[in-house]
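Step one of this worksheet: look at the structure below.
Everything quoted here is computed from the prediction, not taken from an experiment. In the text below, chain A, chain B and the rest are named by the order of the sequence lines, each starting its count at 1.
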Number of protein chains: 2
Amino acid sequence: MPTITGHPERHAPTLEAVAEAAGVSRATVSRVVNGSPSVRGEVVEVVQKAIAELGYVPNRAARSLASSRTHSIALLVPEDVSRFFGDPYFASFTGGLDRRLADTEYVLNLVVARDDPGRKAVRYVRGGNVDGAIVVSHHRGHDFLRQLEGSVPIVYGGRPDVALSSAPYFVDVDNESGGYLATRHLIESGRTRIASIAGPDDMSAALDRVAGFRRALQEAGLPDDAIVHANFTASGGAEAMRTLLARQPDLDAIFSASDLMATGALTALASRGISVPGDIAIVGYDDSPAATWGEVGLTTVRQPSELMGATAVDVLLQLLGGVADVPHENIVPTELVIRNSA
Amino acid sequence: MPTITGHPERHAPTLEAVAEAAGVSRATVSRVVNGSPSVRGEVVEVVQKAIAELGYVPNRAARSLASSRTHSIALLVPEDVSRFFGDPYFASFTGGLDRRLADTEYVLNLVVARDDPGRKAVRYVRGGNVDGAIVVSHHRGHDFLRQLEGSVPIVYGGRPDVALSSAPYFVDVDNESGGYLATRHLIESGRTRIASIAGPDDMSAALDRVAGFRRALQEAGLPDDAIVHANFTASGGAEAMRTLLARQPDLDAIFSASDLMATGALTALASRGISVPGDIAIVGYDDSPAATWGEVGLTTVRQPSELMGATAVDVLLQLLGGVADVPHENIVPTELVIRNSA
DNA sequence: ACCGCGGGGGAGAGCGCTCTCACGAGCGGT
DNA sequence: ACCGCTCGTGAGAGCGCTCTCCCCCGCGGT
């Protein structure tokens, strides 16, 4: 049964056909297709004309079989896809990644390591199906990632928590400077009694933001000890807000380490009739959709997630291109998005 | 493992190597790998043992070159990736799709048709790089999709708006029954003065939900004319809520055609001291993250987006498998998620 | 004149797999 | 005993590229 679902495949033109049409050898066409500099200009033109006329498209499989390069890279997600993409941060990370990749000949393979744990994904990556991989949303405990070492170049989105045997390449965001930025903004708008609803104290990202918060306050000679840790949820944010108000009723600004917690804080404030930004200014963190869903738009620190995606691709392409001395740590800066809440 | 006489060069084992190790021909190994029934059981075992010992992984490129089947399918997104994945609906559609695909040998290629318009993506799909494609988030005006016709089997997520020359395959959700489900739930919990905050009246999905709303009320002999259209935003929902209250202050239930509008309605109700679900019950639509972000969890109609993704894969696999009489229209039912608001 | 050299282009051997054929063995029917 | 089958397996020809040789030609130096 050679017929596949009745799709009459018109024999796609091959390199050979182009070569014949252009009156040159296969090798020459190949050179033109791959942009080799050692073909005379006029020959290049003839070949390109033939390519255009025949509508030739290189066969990826043949190419990668012959060159043992696949021209595809894996986006390795070590968890459920819907959870992954449901996170706006990763959605836009992927967006930046894809946009950067669009300029190249590379194709993105979505590889999910859900069950197993990761057996299939590891086999896929190690099996020579991709030239490199970008690993995102990895967490402590994803030890199977170690099995990828020594196969293809890998770039991590976020500093990997897994103990790897050699220094990994990764891109990460500068949380400290994010906290600093947010706090400076509050200071510059004249606030002086500034507190922070921080994230869990066992997450380095949360602690780094606190560090930035403190640095800004210290530089300004303001007290830096009004800090309550919460768990990155809206209700946690609301509770933290109440705690802070109880402790220090004359607060005039809050730096919340996540937008979600900020929305909780906003709710808590609203229910007490405290106006934002009139009485208290709030800066969030993430620039998630939650930032614009409430009545007041949330001023927040955006993680340059697109840039991170693009950077991850850049690093990987350099690695694949054999560039020497590619930096292992690639830290991108954060950016303040000013709306109404501060 | 390195042999005594061999070079230390660790070269990925090929079919040939397995064949030699197992003492059979390449063809036989190929048969085993591809699950051909015509190999004796004991031979299968020997071969599988050899495969396991050598850690053999088939070379995808070679396989697809020889068979002219790529074993990969495209997820074609005709718009910006971050916007696409930022939508929880699509995130989980993709999740379902991926999960279903995980049981197969197929791999997902993320293909974005952003600029161009779609030139590169069309070339990619037509160029024989994938066996089939799933097109999502397509809109009126995406005429380039027509150029895909006649290349590989295509399944659309959502009924395509583009004028195609032959009946497309698609999966879609049953909006009418979603509206019906939500409204029935309100009726069954004893509500009798039920209104709807509907979506824009030029979107068929919105109108279908209204139709379901009406059907439920008519069946119950309740008035079905308390309907205000809004634009699917939170502030639109809040305004619609105020309008409804002004019109009919004794309302005891609301069916909101989106979760976002429902959150707006909740805000409006809270500011008037109307309790949910005490005074007024609310059912939303989508089961987006917004449904769980507020103080009260939103009872809502979940679009079975995962199921849709999985169904799209099923349909495509059937098409690829040459199954006859694959249905073109695949409508999946909606599902009620009960939380606190109703 | 000669030689050497370098650049442009052709020839051809694979890359690792699939798949059609051919082949031999075993078996039942006549 | 013969034929004709089926069944399991092997042989070998590609699939469409890349890439290493190698050759040819024109040039400059001696």
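- Nearest to the side-chain atoms of Ala62(A) among the listed nucleotides dC19(C), dC17(D), dT18(D) stands dC17(D).
- Listed pair Arg63(B) / dT18(C) meets the phosphate criterion, a side-chain N or O lying under 4.0 Å from OP1 or OP2.
- Place Ser38(B) and Ala66(B) on DNA chain D by their nearest nucleotides, and Ser38(B) ends up nearer the 5' end.
- Side-chain atoms of Arg26(A) lie closest to dA13(C) of the nucleotides dA13(C), dC19(C), dG16(D).
- Closest approach to the Ser25(B) side chain among dG16(D), dG10(D), dA13(D) is made by dG10(D) (side chain taken as heavy atoms from C-beta onward).
- Here the nucleotide nearest the side chain of Asn59(A), chosen from dT18(D), dC17(D), dC17(C), is dC17(D).
- A 6.0 Å sphere centred on CD of Glu20(B) holds no more than 12 heavy atoms belonging to other residues, nucleotides or ligands.
- The side chain of Arg31(A) approaches dC21(D) more closely than any other nucleotide in the set dC15(C), dG12(C), dC21(D).
- Minimum atom distance to the side chain of Ala27(B) is reached by dA11(D), of the listed dA11(D), dG16(D), dT18(C).
- For Arg40(A), the listed nucleotide lying nearest its side chain is dG8(C); candidates were dG16(D), dG8(C), dC19(D).
- Judged by closest nucleotide on DNA chain C, Ser67(A) is the one of Asn34(B) and Ser67(A) placed further toward the 5' end.
- The side chain of Thr28(A) lies closest to dG10(C), out of dG10(D), dT18(D), dG10(C).
- If you check dT18(D), dC17(C), dG16(C) against the side chain of Pro58(B), the one that comes closest is dC17(C).
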